[in-house]
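Following: one structure in structure tokens, then a few remarks.
In what follows, every chain begins at residue 1, and chains take the letters A, B, ... in the order their sequences are listed.
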Protein chains: 2
Amino acid sequence: MSIGIKDVARVAAVSPATVSRVLAGRAVDPAMRERVVAAVRETGYRPNLAARRLRSRHTNTIGLIVADIRNPFFTAVARMVEGIAYERGLRVIFSNTDEDAAKEAMYLHLMQEERVTGVILAPTRHGVDNIAQYQSDFPIVLIDRAAPDGACDSVVLDNGAMAAKLVAHLHERGHTRITGLFGTATVTGNERRTGYERAMAALGLPAHAVLVPHERAEAERIVTELLADASRRPGALIVSNGVMLLSVLRAIDALGLSIPRDIAVTSFDNEPWMEFVGGGLSVIEQPVEEIGRVAVTMLLDRLDHADQVTRRVVLAGRFLARGSGG
Amino acid sequence: MSIGIKDVARVAAVSPATVSRVLAGRAVDPAMRERVVAAVRETGYRPNLAARRLRSRHTNTIGLIVADIRNPFFTAVARMVEGIAYERGLRVIFSNTDEDAAKEAMYLHLMQEERVTGVILAPTRHGVDNIAQYQSDFPIVLIDRAAPDGACDSVVLDNGAMAAKLVAHLHERGHTRITGLFGTATVTGNERRTGYERAMAALGLPAHAVLVPHERAEAERIVTELLADASRRPGALIVSNGVMLLSVLRAIDALGLSIPRDIAVTSFDNEPWMEFVGGGLSVIEQPVEEIGRVAVTMLLDRLDHADQVTRRVVLAGRFLARGSGG
DNA sequence: AAAATACGAGAGAACGTTTTCTCTAGCCTA
DNA sequence: TAGGCTAGAGAAAACGTTCTCTCGTATTTT
């Protein structure tokens, strides 16, 4: 039998309502307040959040659903979101879809049942089209991957421009046979591919985009095939994200190739270890803390102004030139 | 105004209790069950979890508190715990203390208010001594770091033996001047240091253990200092975890040294990128999936048998010999 | 065939809070 | 000084479920 607000009220010789008011920081006679505070301490009372949420009809909870927790980009964003949310008195329910649309749908349903205040979501490709049905229950802010028709607030990287930056960097280093590797599963991959193709075209170079599935073994197989034949091997690679990069590195290693001697490699996403591989990998660093902060802010904003038009915040990344560009 | 169980009951022409029974999968007349299922679908009903938890008095929720989400070991464990928990119909509340005892205490209080079923915790050094006060509210299973007096169920790596394995490996490769780098903040670091010192003593070699703080810049400074002077430089390093390893690599890189030519490096924790650095880093891989599974299992076990004696499960790691041992 | 038993359904209480409503006392204004 | 107003406290309803209790019907047992 745990201690309830009534027990505290009895000890403090006040009504439960008064205890509730003290806990909520509302106007209460100072003497009474003190009695209540003392009683809370004495009894070791802990409010029951389930009861509080049920009665007050707000959960002060936001959902965070990411597509792949193994991707350190999402880990970093999650860390930021959680920190900011807690600062503002919001709890975070965290979940991971593993790029699986069914899991995504399940977690969105769960968010409905939790009656969350709002959701920050990195949607799967399939999920993007189906978020509309949840919008009526809570606002959603998309991160990393935006809804194509602006159906949703979103905060994304300027993928096209960043891809172009990688192309420019490799071109400056004298590369012309630049191949791009992009994911099949996300709009982000698409945007990066488009940016790559435009930039290549602008330089009068032939673009060669390869679509790489999310699944690891398959990804490695495709990359190995691409690089196996020395005569047809590209001079430089642009890799769409940090997870895919690992498959690329594994293939390069297995073929006994060396970066940047045999092939130049650049990528999206920055991680601590990347300075130690291939003479230091030249990469696009995403502004993860900014993404987290903007996402939470937009979500809270949307709660206050439900019928404001949707916004799409596009953030620039930072190009880190290290040695792997050749 | 959202749809409640009474609305579903009205549509299905049954009592709310019956709807509840159908949802809980209890015995109900098939015809009625069908009516209820249809009504749920028709109304788009989503149960309110706050109400359910309040009334049923169990939350089906476990708390997972880790010390450092940037450490991929914890990310991996978290992923496993979440997966297993969801399989068993448990929700996971995830939080991260950043090795901060105050944050740890706050989150443990939060777990009380959430009325969680149990908690899986990677405690800070300070936290280990204070968990007793929470044990009365919910069982706790410690991971990675055990309570010294067996006050708690725990699942840990066989740190001593694994450290000895690294020593043996380096010794086989001809190293005698082997320095160990260990964290100051955790009992885990202590155990690894002890294992290292014993193994060195057994081989008749002088042990040289260096304590490295968790804070990154400071860690890097200390390691740089250790390696700067070529004449006093150790021939091989044993690093206590993957986060510290990054500081070590940075220092080695900054000094222009090469692994394993100038210095051999071995470490605890395995991550995908480690095969590409220093000719492939030789490391101890922790059985993360096993740790997650055992932790959840022990927690559920403890719920059934509250007064069973505490258990301490010690798991072996796997040594991955790659090139960095020299 | 009668009695005992088991099963399933509904009514209503209960979970632990916050909120609404009512009331009193004190204060300000006219 | 009387009347209206305001602030703060308590009583009781309400949040949306599940659980307990009761009762009727169907099934088994003797």
Derivation and outcome, side chain to side chain donor-acceptor pair (under 3.5 Å), residues Thr61(A) and Arg91(A): CA-CA 5 Å; Thr61(A) 297; Arg91(A) 200 175 51 107; 3.3 Å; yes
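- For Asp144(B), the salt bridge (Lys or Arg N to Asp or Glu O under 4.0 Å) criterion is met by no residue, not counting sequence neighbours.
- Distance from the side chain of Met32(B) is smallest to dG10(C) among dT17(C), dT17(D), dG10(C).
- Residue Ile5(A) contributes atom CD1, which lies 13 Å from atom C1' of dG10(D) at whole-angstrom precision.
- Near DNA chain D, meaning a heavy atom under 4.0 Å away, the residues from residues 33-48 of chain B are Tyr45(B), Arg46(B), Pro47(B), Asn48(B).
- With rounding to whole Å, Lys6(B) atom NZ is found 12 Å from dA11(C) atom C1'.
- In summary, Glu104(B) and Arg125(B) do not engage in a salt bridge, as defined by a charged side-chain N under 4.0 Å from a carboxylate O.
- Taking the charged nitrogens against the carboxylate oxygens, Arg79(A) and Asp98(B) do have a contact shorter than 4.0 Å, which makes a salt bridge.
- Arg21(B) comes within contact range of at least one nucleobase, with a heavy-atom separation under 4.0 Å.
- A salt bridge links Glu114(B) with Arg53(A): the closest approach of a Lys/Arg side-chain nitrogen to an acidic carboxylate oxygen falls below 4.0 angstrom.
- If you find the closest nucleotide of DNA chain C to Arg115(B) and to Val14(B), the one lying nearer the 5' end belongs to Val14(B).
- In this pair, Tyr86(A) and Tyr107(B) present their aromatic rings perpendicular. The plane angle is above 60°, beyond the 30 to 60° band.
- An OP1 or OP2 oxygen of dA11(D) is reached within less than 4.0 angstrom by no side-chain nitrogen or oxygen of Ser15(A).
- When the C1' atom of dT25(D) is taken as reference, atom CG of Asp29(B) falls 12 Å away, rounded to whole Å.
- Consecutive Watson-Crick or G-U pairs involving DNA chain D, each under 3.5 Å on both distances, make up stems of three or more pairs at C:1-30 with D:1-30.
- In this entry the distance linking CD1 of Ile3(B) with P of dC15(D) reads 16 Å, nearest Å.
- For the pair Arg53(A) CZ and dT19(C) C1', the interatomic distance rounds to 18 Å; values are reported in whole Å.
- Between Leu54(A) atom CG and dA14(C) atom P there is a gap of 17 Å when expressed in whole angstrom units.
- Taking atom NE2 on His58(B) and atom P on dG16(C), their separation rounds to 13 Å, with Å as the unit.
- Evaluation of atom-type donor-acceptor distances gives no pair under 3.5 Å for the side chain of Arg57(A) against the base of dG16(D).
- As a whole-Å value, the separation of Arg10(B) CZ from dG16(D) C1' is 14 Å.
- At the heavy-atom level, Ala17(B) lies under 4.0 Å from base atoms of the strands shown.
- Salt bridge Arg46(B)/Asp137(A): absent, no basic N to carboxylate O contact under 4.0 Å.
- Residue-to-nucleotide proximity on DNA chain C shows that, of Thr18(B) and Leu23(A), the 5′-proximal contact is made by Thr18(B).
- Closest to the side chain of Ser20(A), from the set dG16(D), dA9(C), dT18(C), is dT18(C).
- Within the 4.0 Å cut-off from OP1 or OP2 of dC7(C), not a single side-chain nitrogen or oxygen of Arg26(B) is found.
- Taking 3.5 Å as the limit, the base of dT17(D) and the side chain of Arg55(B) contain no donor-acceptor pair of atoms between them.
- Listed for the Arg145(B) side chain is a donor-acceptor partner under 3.5 Å among the backbone atoms of Pro123(B).
- Under a 3.5 Å cut-off, the side chain of Thr75(A) and the backbone N or O of Ile69(A) do form a donor-acceptor pair.
- Without hydrogens or angle criteria, Asp7(A) side chain to Gly4(A) main chain gives a donor-acceptor distance under 3.5 Å.
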